[in-house]
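Remarks on the structure that follows.
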Amino acid sequence: MQKLVIEGGKPLFGEIITQGAKNAVLPVLAACVLCKGTVRLANCPCISDRYASARILTALGARVTTEGSSVSVCCDDADSPNIDSALMKSMRSSIIFMGALLGRYGKCTLSCPGGCNLGPRPIDMHIAAMKRMGAEITDEHGAISCNAPKGLTGCRHSLSFPSVGTTENIMLAAVCAEGETVISNAAREPEICCLADFLRACGAKISGDGSGRIVIEGVRELYPPKDPFEIIPDRIAAATWLSCAACAGGELLVRNCNPAHLEAVIPIFEQTGCRIRVFGTNIYIHRRERLTAPETIRTTVYPGFPTDAQAIIMAPLCTARGTSVFVENIFENRYRHTEAMRSMGADIRAEGKVAVVTGVPALHGTVAEAPDLRGGAALVCAALGAEGTSEIYGVNYIDRGYEDTERLLCSAGADVKRISE
Ligand code: EPU
């Protein structure tokens with residue numbers, strides 16, 4: 001078991017380079033199943049969810065080679081359309097292989113995916129979408145068998161909610177399906193555009209990504225782009241480093257990010273009194289004084305405030321002057337970090353969708369368990385600004401989405417150690 005031991009109260013000075021986006025690399029890795037030849041990817045984050053995707057690809061018969069942030073995938077000899085339940089349970093994104101495998105083989109067998117416990121995370125929209133495209137799907141004791149003996153056929157999907165994963169699964173199923181697929185009320189997240197860019201670079205015909213109405217004309221085959229395809233920067237990791245500086249104080253330059261992807265997040269930091277400057281692909285943050293509570297934060301789909309940044313931005317607001325209000329509209333159970341924050345002295349009341357944070361003058365160190373990936377990252381942020389020592393367990397959650405957490409923070413002056421027990 002590992003823990004992060006954090007000595008709080010040390011301001012951050014320096015710079016942190018943003019990793020590639022977790023939620024972009026995972027669907028792109030699944031998309032490799034549809035490509036003939038070797039796909040080369042650059043700027044892939046070194047995180048455990050990426051390794052879980054690589055294990056799934058290897059189990060399917062693919063050859064995966066990695067060198068730091070570069071990954072090559074060749075699925076030419078892959079012949080299995082099935083993913084066993086242990087691999088499916090290793091992360092939520094395993095479900096994205098459904099569309100890719102159906103697109104390649106016209107069949108697959110898998111089970112319900114794992115992932116962080118953020119409340120019920122059903123896959124009904126994924127299943128309904130594959131059925132609309134001609135797949136017969138049965139669920140026997142948790143084994144989900146999908147069959148489209150005549151292949152998938154393009155159709156119109158009008159999503160009841162702009163689900164990120166469902167949009168990605170439909171895109172993967174549709175790129176090599178017969179005819180045209182239209183997704184109305186599609187997710188507009190930057191990670192959707194990254195997947196569309198990758199598929200287009202492989203020869204797919206896709207338009208409208210980023211707009212809420214995506215149109216895909218099926219093609220026969222996909223071939224890897226000549227140059228390595230670069231994964232976009234991780235907007236939530238960038239927001240996390242900003243929040244670390246907002247908690248600990250100091251001056252930090254978050255480099256190699258895309259500030260346009262953080263348009264709903266940057267103004268919140270500004271409202272709290274942090275000085276923010278954007279230079280090209282860099283964001284500078286300076287926190288000198290006690291922060292002030294911002295306007296109500298309502299999580300919603302992109303381009304609104306991301307649910308993945310909710311816990312992270314709550315950390316600095318625990319010690320802000322005034323009362324901050326959060327409304328979580330995407331997941332039912334995304335306030336599990338508040339208990340650990342309370343053990344640090346925070347005054348937080350959370351009920352249903354709403355959390356009310358009344359700023360206290362200071363937090364103190366604690367021993368706590370990361371409840372999930374972003375909740376764990378939020379505890380790290382809070383511990384950096386707290387007085388005394390914190391021990392954060394459940395590091396495996398944090399490692400799902402963050403590369404080199406302690407090294408990056410220490411390079412900016414934090415005192416964070418990883419200890420194996
Ligand atoms: N939903 C359904 N049925 C479905 C699919 C989704 O009811 O078949 C519901 C979910 O239960 C949830 C809402 O729709 O309440 C949003 O789910 P969505 O499908 O958009 O999310 P996801 O694809 O499961 C991705 C990210 C999450 C991020 C959400 C929302 C990946 C691998 N995960 O999840 O990222 O929070 O979109 O933006 O892309 C994280 O990085 O920590 C993380 C949880």
Side-chain angles (χ1 to χ4, degrees), residues 19-31 45 47-50 52-53 56 88 90-99 112-132 137 139 144 157 159-172 183 185-195 212 231-232 234-240 261 264-265 298-313 328-334 336-337 353 370-378 394 396-403:
Q19 66 187 47
K22 168 177 88 77
N23 291 346
V25 74
L26 302 179
V28 167
L29 284 169
I47 53 172
S48 64
D49 271 10
R50 179 192 116 190
S53 283
I56 291 177
M88 284 300 293
S90 60
M91 59 171 181
R92 171 77 180 175
S93 245
S94 52
I95 193 65
I96 307 302
F97 280 89
M98 184 189 262
C112 277
C116 290
N117 176 6
L118 311 174
R121 296 182 78 179
I123 54 166
D124 55 314
M125 293 175 66
H126 298 252
I127 302 265
M130 298 304 121
K131 283 185 176 168
R132 280 194 293 272
I137 302 188
D139 179 347
I144 302 168
H157 303 266
L159 302 187
S160 55
F161 175 85
S163 151
V164 174
T166 308
T167 303
E168 291 166 347
N169 238 337
I170 297 173
M171 289 165 72
L172 293 173
I183 316 172
N185 200 24
R188 296 161 66 183
E189 272 67 5
E191 293 75 19
I192 299 284
C193 299
C194 183
L195 176 61
I231 299 298
I232 57 168
D234 195 313
R235 60 197 167 103
I236 306 302
T240 306
H261 293 166
V265 175
R298 293 182 177 82
T299 68
T300 183
V301 295
Y302 190 83
F305 190 91
T307 172
D308 293 342
Q310 175 258 108
I312 286 157
I313 210 148
E328 170 57 58
N329 290 308
I330 304 295
F331 289 107
E332 277 181 29
N333 195 11
R334 221 173 186 180
R336 296 197 311 142
H337 52 280
K353 287 177 159 206
D372 52 55
L373 163 58
R374 305 303 172 188
N396 55 309
Y397 280 116
I398 299 169
D399 292 341
R400 293 179 92 128
Y402 294 90
E403 169 180 317

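Note that ligands are numbered from 1 as they come in the structure, with each ligand's atoms numbered from 1 the same way.
Under a 4.0 angstrom heavy-atom cut-off, P122 registers as being in contact with ligand 1. Between R334 and ligand 1 there is a heavy-atom distance shorter than 4.0 Å.
In terms of polar-atom proximity, T166 is not counted as a contact of ligand 1, lacking any N or O under 3.5 Å from an N or O of the ligand.
At a cut-off of 3.5 Å, with distance as the only test, a side-chain donor of Q310 or E328 sits close to an acceptor on the other residue.
Few gaps surround CZ on R132; more than 12 heavy atoms of other groups in view lie less than 6.0 Å from it.
With a 4.0 Å heavy-atom cut-off, ligand 1 is reached by no atom of Y302. At a heavy-atom distance under 4.0 Å, atoms from both the backbone and the side chain of S163 approach ligand 1. Residue contacts with ligand 1 for I330 involve both N, CA, C or O and side-chain atoms from C-beta outward (heavy atoms, distance under 4.0 Å). Of the heavy atoms in R400, none comes closer than 4.0 Å to ligand 1. Counting heavy atoms closer than 4.0 Å to ligand 1, residue R374 contributes side-chain atoms (C-beta onward) but none from N, CA, C or O. Neither the backbone nor the side chain of E168 has a heavy atom within less than 4.0 Å of ligand 1. The proximity of V164 to ligand 1, defined as any non-hydrogen pair under 4.0 Å, involves the side chain as well as the backbone.
Using a 4.0 Å cut-off to heavy atoms of G165, the atoms of ligand 1 that qualify are 19 (O), 23 (O). Every atom of ligand 1 is numbered from 1 in the order shown, and the set under 4.0 Å from a heavy atom of M125 is 3 (N), 4 (C), 8 (O). Residue S93 has at least one heavy-atom neighbour below 4.0 Å for each of these atoms of ligand 1: 32 (C). Residue-ligand proximity, F161 to ligand 1, at heavy-atom distances under 4.0 Å covers atoms 13 (C), 14 (O), 16 (C). Heavy-atom contacts of T307 reach the following atoms of ligand 1: 30 (C), 36 (O) (cutoff under 4.0 Å). Annotation for ligand 1: atoms under 4.0 Å from non-hydrogen atoms of I123 are 8 (O). Within ligand 1, counting atoms from 1 as listed, the ones closer than 4.0 Å to a heavy atom of L373 are 42 (O). Residue contact check: K22 has heavy atoms under 4.0 Å from atoms 40 (C), 41 (O) of ligand 1.
Taking the salt bridge (Lys or Arg N to Asp or Glu O under 4.0 Å) definition, one finds that R235 meets it with E191, sequence neighbours left out. The side chain to side chain contact (heavy atoms under 4.5 Å, CB included) check on S93 picks up L26, M91, I96, with sequence neighbours excluded.
K131 has no carboxylate O lying under 4.0 Å from a charged side-chain N of D124, or vice versa, which leaves the two without a salt bridge.
Although no hydrogens or angles enter the test, the distance criterion places a donor-acceptor pair under 3.5 Å between the side chain of R336 and the main chain of P371. Judged by distance alone, the side chain of Q19 and the main-chain N or O of G401 form a donor-acceptor pair under 3.5 Å. T167 contributes no side-chain N or O that, together with a main-chain N or O of A186, makes up a donor-acceptor pair within less than 3.5 Å.
Closest heavy-atom contact between I56 and S94: CD1-CB, 3.8 Å.
For the side chain to side chain donor-acceptor pair (under 3.5 Å) criterion with R334, the lone passing option out of N329, D308, D372, T299 is D308.
Under the 4.5 Å side-chain criterion, counting only non-hydrogen atoms from C-beta, M125 is in contact with S160.
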